[in-house]
Amino acid sequence: MSFKILGASVSPFVRKVQVFCAEKGLDYTLSQVSPFSPPEGWRDISPLGKIPVLDHDGRIINDSSIICAYLEKVAPEPALIPSEPYEMARALWFEEYADSGLMPVLGSKIFQPLCLRPLLSGQAADPQAVEDARKVFDEEVTPLYTYLDQQLGGGQYFVGGRLTIADISIASITVNGRLAGFPPDAARTPAFAAYIDRMHALPSFAACIETDKKVFGARFK
Ligand SMILES: N[C@@H](CCC(=O)N[C@@H](CS)C(=O)NCC(=O)O)C(=O)O
């Protein structure tokens with residue numbers, strides 16, 4: 001069985017699949033594809049033009065959530081998507097919260113202006129861009145993190161007392177915030193900040209973060 005992930009490792013959706021594979025003990029290769037300068041024929045395997053794509057022995061699977069659901073069936077142990085109905089619903093809700101709630105703010109309004117655009121243009125982010133990102137972090141990201149801080153309570157994980165797709169999704173997008181210099185604020189969201197430190201110290205996350213820091217690490221906190 002061979003698993004090839006197509007995409008750029010700095011994408012939180014690609015990172016989600018990488019960590020999911022690593023936690024399942026599945027070997028994979030990552031073939032770097034930028035959705036902004038894709039290889040010829042890209043739309044044939046990614047009709048929406050998005051990364052990641054999984055190529056499993058020639059079977060093409062699109063969308064990080066669907067890829068993870070597929071991998072859960074292919075390699076059920078350790079379970080990363082709970083089978084108990086309410087736990088499953090909670091885990092998929094947190095995945096959705098990360099993908100549709102956190103990503104548009106952390107990705108588009110913080111990571112892109114402070115990390116991606118400077119890399120593509122060769123020009124450092126100007127002080128106004130940093131100021132704008134600070135405002136977005138305070139007014140839009142911190143309320144989103146506050147909900148997560150409350151949902152964690154005193155727990156180590158979001159669902160069922162063990163690592164699930166909920167943790168992998170949330171901790172994946174949070175890497176992009178840290179790359180831009182905006183980790184969760186330990187004063188305002190202490191449980192969530194400590195949780196992210198723990199998640200990012202897992203070998204599966206630490207390996208991805210080391211790779212991303214080589215290109216986008218200048219502002220990492
Ligand atoms: N729902 C998709 C979202 C994937 C996505 O938006 N990926 C971004 C990179 S972070 C992308 O490929 N953007 C290019 C585009 O939208 O054209 C998933 O979970 O895989």
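Predicted model only: the values in this text are computed from it and were never measured. Atoms within a ligand are numbered from 1 in the order they appear, just like the ligands themselves. Heads up: numbering here begins at 1 and tracks the sequence.
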Could you find the nearest protein heavy atom to [atom] and give me its residue, atom name and distance?
atom                    : answer
atom 2 (C) of ligand 1  : Asp63 OD2, 3.3 Å
atom 16 (O) of ligand 1 : Lys50 NZ, 2.9 Å
atom 4 (C) of ligand 1  : Ile51 O, 3.2 Å
atom 10 (S) of ligand 1 : Ser11 OG, 3.2 Å
atom 17 (O) of ligand 1 : Gly49 O, 4.2 Å
atom 20 (O) of ligand 1 : Ser64 N, 2.8 Å

Please confirm whether the ring centroid of Phe111 lies under 6.0 Å from the ring centroid of Phe182.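 No, ring centres 6.0 Å or more apart.
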Is the distance between the ring centroids of Tyr195 and Phe158 under 6.0 Å? yes
Find out if a path of hydrophobic residues (ILVMFWY) with successive side-chain heavy-atom gaps under 4.5 Å connects Leu48 to Ile5. no
Would Lys16 count as being in polar contact with ligand 1, using the rule that some N or O on each side must be under 3.5 angstrom apart?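 The answer is no, given that Lys16 and ligand 1 share no N or O pair closer than 3.5 Å.
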Could you tell me if Ser64 and Lys16 have a donor-acceptor pair between their side chains, going purely by distance under 3.5 Å? yes
Walk me through whether Phe192 and Gln150 qualify under side-chain contact (heavy atoms from CB on, under 4.5 Å). CA-CA 8 Å; Phe192 185 62; Gln150 290 160 353; over 6 Å; no
Sub-4.0 Å atoms of ligand 1 with respect to non-hydrogen atoms of Pro52: 20 (O)
Side-chain touch Leu163/Leu202, heavy atoms, less than 4.5 angstrom: yes
Taking heavy atoms and a distance under 4.0 Å, where does Pro35 meet ligand 1: side chain, backbone, both or neither? side chain
Below 30° counts as parallel, above 60° as perpendicular, anything between as tilted: where do the rings of Phe137 and Tyr145 land?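 Correct class here is perpendicular.
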